[in-house]
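FYI, side chains are in, hydrogens and waters are out, and symmetry mates aren't considered; it's all heavy atoms of this structure. Residue numbering restarts at 1 for every chain, and letters A, B, ... go by the order of the sequence lines.
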Amino acid sequence: KGPVKIGFITDMSGVYSSLDGPGGTAAIKMAIHDFGGSVLGRKIELVTFDHQSKADLAAAKAKEFFSQDGVDMLIGGTNSGAMLAIEPLAAQYKKPFIVIGAGASTIVGKQCNGYTSLYAYNTTALARVTAGAVIKHGGRSWYFLTADYAFGKALEVDATKVVEADGGKVLGHVMAPLGASNFSSYMLQAQASGADVLALANAGGDAANSIKQATQFGVTKKMKLAGLLLFITDIHSVGLPAAQGLYLTAPWYWNLNAESRAWSKRFYAQMNAMPSFSQAGDYSAALSYLKAVKAAGTTDGAKVMAELHKMKVNDMFIHNGSMRPSGLMIHDMYLMQVKTPAESKEPWDYYNVVQTVPGNEAFGPAAAYGCPLDK
Amino acid sequence: MSPTPVHDAVVRAPGIDPGHHSPASVEAVALHIRDLHAWYGDSHVLHGVNLTIKSGETICLLGRNGAGRTTTLRAVMGLTSARTGSISVFGKEVIGLPRHHVARLGVGYCPEERGIFASLTTQENFLLPPDVPARFEGLSIDEIHELFPNLKERARSPGTRLSGGEQQMLAVARIFRTGARLLLLDEISEGLAPVIVQALGRAIKELKKRGFSVLLAEQNFRFSANLADRFYVMERGKIVLEIDRSELSDKQAELKELLGV
Amino acid sequence: MTEIFGVPVSLLLGQLLLGLLNGTTYAMLSLGLAVIFGLMDEVNFAHGAFFMMGAMFAWMGGQYFHLSFWWMLLLAPLLVGLVGLLVERLMLRRLRGMDPIYGLLLTFGLALLIEGLFRTFFGVSGSPYNPPELLSGVLNLGFMYLPLYYVFAMVASVVVCFGTWLLIERTKLGSYLRAGTENPSLVQAFGINFPLLVMLTFAFGSALAGLAGVLSAPIVQVSPLMGSNLIIVVFAIVVIGGMGSVMGAIVSGLALGVIEALAKVVYAPISSTVVFILMAVVLTVRPAGLFGKEK
Amino acid sequence: MIASQKSSHTKASHGSGAGAPILRAHKLGKKFSGFAAVEGVDLGVAEGSIHALVGPNGAGKTTCFNLLSKFLEPSAGDIFFRERNITRMRPADVARLGMVRSFQISATFPQMTLLENVRVVLQRAAGLAHQFWMPARALTRLDQEALRFLDMVGLSGQAGQLASSLPYGHKRALELATTLAMDPQLLLLDEPTQGLGHEDVEQVTELIRRVAQGRTVLMVEHNMSVISKICDRVTVMQRGQVLAEGSYDEVSRNPEVITAYMGDAEEGIHA
Amino acid sequence: MSWRSKAQLSTMWLILLLAVAAPWLGMYPVLGMRIMSFALFACAFNLMAGYTGLISFGHAALFGGAGYVTGLALTSWGWPTPAGIMFGVFVALVIGLAMGVLAVRRYGIYFSMVTLALAQIVYFYCLQADFTGGEDGLQGIPRGTLFGLSLQSDRVMYYVMLVVFVASWWFIRRIVRSPFGQILQAVRENEPRAISLGYRVNRYKLGMFLLSAGFAGLAGAMKAVIMGFETLTDVHWSTSGMVILLTLVGGLGTDLGPILGAVIITVLEEKMGAIGHFLEHITGVHWFASLNDNVSMINGAIFVLCVLLFRRGIVGTFNARWGGARAASG
Ligand SMILES: Nc1ncnc2c1ncn2[C@@H]1O[C@H](COP(=O)(O)OP(=O)(O)OP(=O)(O)O)[C@@H](O)[C@H]1O
Ligand SMILES: Nc1ncnc2c1ncn2[C@@H]1O[C@H](COP(=O)(O)OP(=O)(O)OP(=O)(O)O)[C@@H](O)[C@H]1O
Ligand SMILES: [Mg+2]
Ligand SMILES: [Mg+2]
């Protein structure tokens with residue numbers, strides 16, 4: 001029999017490539033290596049593809065992977081549009097599909113299909129944890145800077161629910177178009193609102209620019225900043241002087257404990273950057289899959305998925321992990337606060353862990369997702 | 001290598017045969033063209049042109065439509081896509097020279113299509129060509145305005161908003177101003193009212209008095225007949241006939257055959 | 001507190017001020033495009049990439065050579081200008097005399113290529129670039145705090161814009177360039193070294209983009225992608241101003257900044273498209289743009 | 001000689017006999033940002049005549065022409081075509097009424113064959129202009145007619161050639177053929193002999209005379225010999241206004257016209 | 001019949017034969033369908049660009065716009081597939097009308113920039129509107145049935161697309177040579193003259209823009225049905241750039257060029273990784289392996305090379321080299 005093939009489809013060159021991209025490939029290779037390079041007596045092989053953030057390319061390739069190239073499972077990277085487009089194919093070809101880099105909650109919502117797993121995080125959890133924890137730390141009135149499209153609005157809705165449930169108040173919001181490089185005018189509006197917290201319901205370059213300009217306009221002197229979807233690469237690119245004090249949520253951080261540090265050092269040696277949580281997630285997903293294959297004694301999609309659902313996951317990346325029937329991996333999440341430049345001891349030493357939030361609390365009740373498999 | 005043989009019908013006055021003439025003094029010859037071939041893309045238009053203009057001389061190139069008169073002037077200015085042979089301007093070889101160096105030798109070119117710039121006003125068009133180094137005393141701006149009163153009146157109007165004839169005047173005026181001492185003028189009487197054509201004729205005579213050398217490419221034989229010292233007739237990219245002013249009446253028959261005048 | 005459109009006046013004032021700042025960036029970018037377009041009939045799609053390069057060079061200068069902002073303010077535009085010069089000399093020159101659309105397509109490809117190159121080497125997430133010590137303060141205007149650097153960037157842009165305008169509209173050089181746009185070979189036949197002029201103009205237009213990039217670097221995140229979306233807005237501005245009109249580019253750039261700022265407070269969802277809508281309106285009324293001449 | 005025979009009597013009388021002129025301008029005026037290029041021009045072109053518009057450079061002839069053919073909007077006055085007010089019509093519509101103009105530069109479709117050049121005109125009349133669903137061969141039924149027009153100008157032999165390959169004089173002839181194909185009642189020609197050699201001038205003059213049979217022609221021309229040969233009536237303009245009008249013989253003797261336009265008869269270069 | 005048109009005809013038949021047989025020769029049907037939708041899109045673009053000389057930089061708005069509304073009609077409103085596609089085409093026509101009315105009054109690069117800017121309005125609308133799902137895209141568009149035939153199978157869908165494509169291509173080819181096409185050629189060559197001959201040229205250009213918009217819409221609608229989703233990529237300006245690239249590589253203003261261009265660029269985009277590995281393998285240069293990660297950069301390079309060295313595109317160059325004097329089409 002031929003090798004066991006793992007596919008990896010992500011954005012290798014576009015906007016999100018620093019989050020995942022080539023670093024993700026390296027991480028998966030590390031997993032294969034750590035697993036011993038073979039399973040069930042078959043070699044393990046990795047095939048990758050750059051979807052350039054184009055869903056149609058991603059879907060067409062996934063289909064080809066499954067139907068012609070004999071790929072046994074697929075790890076999905078960034079861009080939720082692309083991941084959602086691949087999702088039905090996983091069910092059609094009965095192959096496990098583990099999504100890491102994309103965080104759209106809808107992946108395990110109405111679309112769920114038993115073969116797809118949302119493994120590392122989702123936007124709901126990020127928003128919920130940040131909102132819940134920041135309120136506990138004294139931010140009672142909120143103002144949102146929201147990216148003016150579906151995803152930004154969803155982040156705002158998720159966070160608003162928690163803020164209001166926990167007795168906080170939302171004073172207003174401003175919608176900024178995607179890719180608006182100058183956010184200074186929104187900063188004026190945020191300042192004028194008089195709220196305690198400025199929540200950034202945006203991502204990537206937009207979030208980085210908002211943080212930078214919030215600092216320049218002195219917003220951070222009176223308001224706390226809370227990022228609803230921020231990655232360590234964003235903090236790295238903004239720099240600590242601007243980002244210090246900011247709250248954000250992550251499923252993992254390289255400097256979390258000895259195990260994560262050890263793994264990250266290995267990663268750093270190859271990539272010359274500390275891993276983001278999605279890259280760590282890629283590693284963990286590949287590893288979990290291989291463990292499941294070993295346990296099931298087959299690469300048959302249905303059987304491996306059943307094994308994954310049964311497994312308790314605890315590794316370098318996931319703590320207290322278990323998978324809901326919808327495919328959503330439930331595990332601990334962490335509220336982080338960005339260190340001041342003085343606190344930071346070494347490059348990439350950016351976060352203080354403020355609070356650990358247990359999985360079920362972080363991800364919220366299954367009912368809210370609307371996946372039929374969750375009953 | 002001998003120059004490309006010319007048409008049988010050619011009758012040359014021995015003294016000014018460009019083939020045998022070698023300029024004694026550099027400055028005595030304004031333009032000396034030997035065996036000039038020129039191309040537009042793949043089409044070979046000039047097939048060995050030989051002509052000479054002595055300093056202070058006015059000569060006229062005649063020929064039917066498409067004979068190659070315009071192309072000869074363009075080849076001198078380096079505006080054809082390829083050219084071979086030799087062109088010397090005041091003793092300096094220009095083939096191989098970058099385009100913008102030719103004018104600096106003291107050549108003024110008035111193109112057939114006038115070349116008025118739409119985005120410049122009349123005045124800007126007028127003042128556009130830089131003065132030539134070692135310039136001759138050309139017509140002063142006042143003299144030019146007297147010659148072409150329209151230009152003064154319409155000075156602020158965009159160049160291409162001028163009437164057809166006014167554009168022609170502008171194209172000529174612009175060259176007269178620079179002090180270039182060899183003028184290559186292509187169909188300058190075209191589209192001008194008879195009064196203006198007459199005035200233009202007087203202006204050229206005046207320039208000649210001041211020592212300018214002029215090469216006219218003209219359709220309008222009557223106009224050039226009064227001005228030129230010598231005539232060359234072109235046909236299919238070659239000079240086929242050379243006539244001195246004094247021989248004009250003798251050569252009527254040949255001219256008629258070649259030009260239909 | 002007094003209000004207009006349901007917005008406090010002080011906030012409105014602040015917005016207008018910031019709009020004006022954005023406007024100066026727009027103005028400088030569209031000016032560079034207009035210089036190149038108006039004088040050479042070429043649309044430089046790589047203008048956004050040049051803008052990005054200006055900012056990236058500034059950042060690289062600081063990162064690798066420890067050169068100060070002030071040095072880079074001088075060097076980065078020069079470097080970008082040099083790139084522009086090479087692009088003109090080695091590529092665009094071969095397209096002279098052909099349909100200008102080829103120039104547009106070439107520079108479009110170039111934009112992809114340049115962006116791709118920077119992305120491979122520097123990733124996409126961007127880097128911070130801080131304003132110089134001297135300008136890192138904040139100005140208290142009473143109704144708002146304005147970072148000192150913003151004031152500097154604004155003033156610098158306005159000065160450069162009007163300097164350029166003077167150079168082009170009020171000097172002989174400008175008339176050579178405008179004439180050469182229409183009929184380069186004739187201008188050469190008049191004894192003007194037009195190819196050299198073109199090369200320098202292109203370099204100058206590119207350098208303007210580079211300068212806008214350096215000036216923006218301390219304001220926004222410096223990243224290889226920073227120019228690609230901006231360029232289309234700037235295209236629209238140039239169309240509104242009347243393509244090729246230097247004054248049009250400056251005025252409509254500034255105006256657009258302000259209008260966008262107003263849109264943000266009045267009806268935010270429209271702020272990203274207001275420039276395009278405005279363009280559509282202007283085109284129906286004046287097809288050649290506000291300052292453009294009908295050809 | 002033929003020209004002088006044909007002149008005056010028959011045509012002029014026919015024109016006046018028909019009563020109202022085919023084209024009439026009333027107090028026509030055009031200002032360009034303050035500059036009056038044409039001012040208070042009254043002009044009547046008699047049906048069936050060849051009418052020339054002459055005058056010094058910048059007198060406003062081309063502007064007048066553009067106003068009449070509606071390529072410019074008049075700032076004052078009215079234009080009537082067969083007593084129908086066309087002052088506010090669009091150029092394409094004016095062309096459809098049967099008033100067709102030529103350009104100072106030759107106007108052909110260079111990358112199309114001569115046949116196609118003429119066919120393009122016939123297509124509109126035949127109602128075959130917007131049928132995007134029809135195959136190319138639908139057009140072949142216009143070929144006969146197109147050839148007929150090419151034949152009129154002596155170009156039917158080259159029907160399959162590209163227009164760009166023609167020498168200058170033939171391009172003008174082709175342009176005339178396409179213009180004729182529009183079945184114009186009034187032809188507006190702007191300096192039709194400009195840039196032509198002597199033989200071509202004669203050819204084109206002859207051609208104009210031939211096509212003027214049964215049509216009216218209004219032309220701008222500086223070449224006095226052409227005018228004297230074929231024109232029935234001449235209007236002289238100066239500084240945007242009409243200076244004189246009459247037959248060639250009349251106006252060419254008018255002292256005002258001589259100083260303003262013709263100049264010294266001795267030097268009479270164009271004659 | 002000349003040698004050249006014979007060669008052309010046989011090329012056409014060969015391509016068609018290949019296309020019919022492709023799924024049986026191991027070509028992957030989804031790839032084939034993607035190629036065909038891009039080829040149709042490129043043909044539509046070429047109709048405007050190649051035959052009026054007006055290069056639109058805003059065709060993505062028509063392509064993606066139609067894709068979104070077709071998706072909306074099929075998912076949210078439950079329309080039958082053909083109705084949804086027609087609706088997509090209709091909306092493309094409406095967008096095309098709005099864009100065209102403004103744009104056809106301008107020439108050359110002005111036209112390009114105006115179309116680009118107008119397309120951005122559509123892009124931002126699609127970005128902000130709720131039904132498009134933002135970055136998630138509009139997912140789960142059902143293929144449905146066509147005259148009772150289920151389109152679920154890729155093979156069936158492939159042949160349906162092939163029929164749509166061939167019919168459209170044939171029709172586009174016919175438009176170019178139709179009486180209408182003749183007038184447009186005349187307009188392109190000498191616009192003032194066309195006006196003076198009584199043609200209202202802007203109407204003709206607008207007409208062509210609409211035809212082009214309709215086919216671009218058809219391509220977008222078909223693609224949405226084929227892929228089962230629609231995302232922002234299709235309305236983004238980079239897609240407008242890509243369709244220009246396809247057409248340019250194949251040969252602007254030729255019949256077969258857009259098809260060839262679509263095949264080459266689409267395959268390149270998808271197989272870049274494999275090509276890179278192959279190159280790495282034979283040359284031993286590791287850098288080639290990273291080709292996969294830089295497709296847009298490579299597209300940029302192709303653009304530059306094409307414009308500098310290869311302006312006529314593949315088919316255009318072929319025609320110029322081996323064709324008759326009149327290399328109008330091929
Ligand atoms: N740009 C060009 N490309 C190709 N052929 C050209 C070009 N310009 C001119 N020719 C050809 O070159 C020949 C000579 O043209 P040229 O313009 O020199 O003639 P000319 O004697 O000036 O006649 P005219 O009376 O028409 O001005 C003609 O046959 C013409 O068709
Ligand atoms: N669009 C315009 N804007 C400004 N001035 C104009 C415009 N068109 C023409 N003029 C001016 O109006 C006057 C008349 O021009 P017109 O072209 O009618 O002259 P013309 O009689 O045809 O002369 P020519 O015999 O030289 O062709 C000229 O002085 C010209 O400068
Ligand atoms: Mg000539
Ligand atoms: Mg005129």
Atom group of E:Leu309 that falls short of 4.5 Å from chain C, counting heavy atoms: side chain
Toward chain E, the part of C:Leu110 with a non-hydrogen atom under 4.5 Å: both
query: Can you check side-chain contact (heavy atoms from CB on, under 4.5 Å) on C:Ile232 and E:Trp237, steps first, answer last?
result: CA-CA 9 Å; C:Ile232 298 176; E:Trp237 58 265; 2.9 Å; yes
query: Can you find a heavy atom in the side chain of E:Tyr110 that is under 4.5 Å from one in the side chain of C:Val239?
result: no
- request: Taking E:Arg311 for its side chain and C:Tyr102 for its backbone only, find out whether a donor-acceptor pair lies under 3.5 Å.
  value: no
statement: Residue from C:Asp99, C:Val238, C:Val275, C:Leu117 scoring the most non-hydrogen pairs under 4.5 Å with chain E is C:Leu117
- prompt: At a heavy-atom separation under 4.5 Å, does E:Phe111 approach chain C through its side chain, its backbone, both, or neither?
  reply: neither
Flag, side chain of E:Arg106 to backbone of C:Leu283, donor-acceptor distance under 3.5 Å: no
message: Could you tell me if the side chain of C:Arg94 sits less than 4.5 Å from the side chain of E:Leu308, heavy atoms only?
response: yes
field: Side-chain touch C:Leu104/E:Phe57, heavy atoms, less than 4.5 angstrom
entry: yes
message: Is there a side-chain contact (heavy atoms from CB on, under 4.5 Å) between E:Phe303 and C:Leu105? Walk through the geometry before answering.
response: CA-CA 7 Å; E:Phe303 240 113; C:Leu105 297 181; 3.9 Å; yes
task: Could you tell me which of C:Val233, C:Leu95, C:Leu112 has the largest number of non-hydrogen atom pairs under 4.5 Å with chain E?
output: C:Leu112
task: May I ask you to list the residues in residues 118-132 of chain E that approach chain C closer than 4.5 angstrom, counting heavy atoms only, ordered by number?
output: E:Leu118, E:Gln120, E:Ile121, E:Phe124, E:Gln128
message: Per the ring-ring contact (aromatic ring centres under 6.0 Å, His included) rule, what does the pair list look like for residues 227-282 of chain C, sequence neighbours excluded?
response: C:Phe45-C:Phe235
task: State which residues pass ring pair (Phe, Tyr, Trp, His ring centres under 6.0 Å) with C:Phe194; sequence neighbours excluded, sorted by chain then number.
output: none
task: Can you tell which part of C:Ile114 gets under 4.5 Å to a heavy atom of chain E, answering side chain, backbone, both or neither?
output: neither
query: So which residues of residues 59-68 of chain E are in contact with chain C at a heavy-atom cut-off of under 4.5 Å?
result: none
statement: Rounding to 0.5 Å, atoms CE (C:Met91) and CG (E:Leu305) come to a distance of 8.5 Å
- request: Mind ranking E:Leu248, E:Ile244, E:Leu245, E:Leu116 by heavy-atom pairs under 4.5 Å with chain C and telling me who comes out on top?
  value: E:Leu116
field: Contact class of C:Ser228 relative to chain E, heavy atoms under 4.5 angstrom
entry: both
query: In terms of heavy-atom proximity below 4.5 Å to chain C, should E:Val114 be classed as side chain, backbone, both, or neither?
result: both
field: Within 6.0 angstrom of E:Arg312 CZ, more than 12 heavy atoms from elsewhere
entry: no
message: Counting heavy-atom pairs closer than 4.5 Å to chain E, which one of C:Gly116, C:Pro100, C:Gly109 comes out on top?
response: C:Gly109
task: Return the option, out of C:Ala111, C:Ala236, C:Ala280, C:Ser272, with the maximum number of heavy-atom pairs under 4.5 Å with chain E.
output: C:Ser272
Note, C:Phe37 side chain near E:Ile109 side chain (heavy atom, < 4.5 Å): yes
query: Under a 4.5 Å heavy-atom cutoff, which of C:Ile277, C:Ile101, C:Asn229 has the most pairs with chain E?
result: C:Ile101
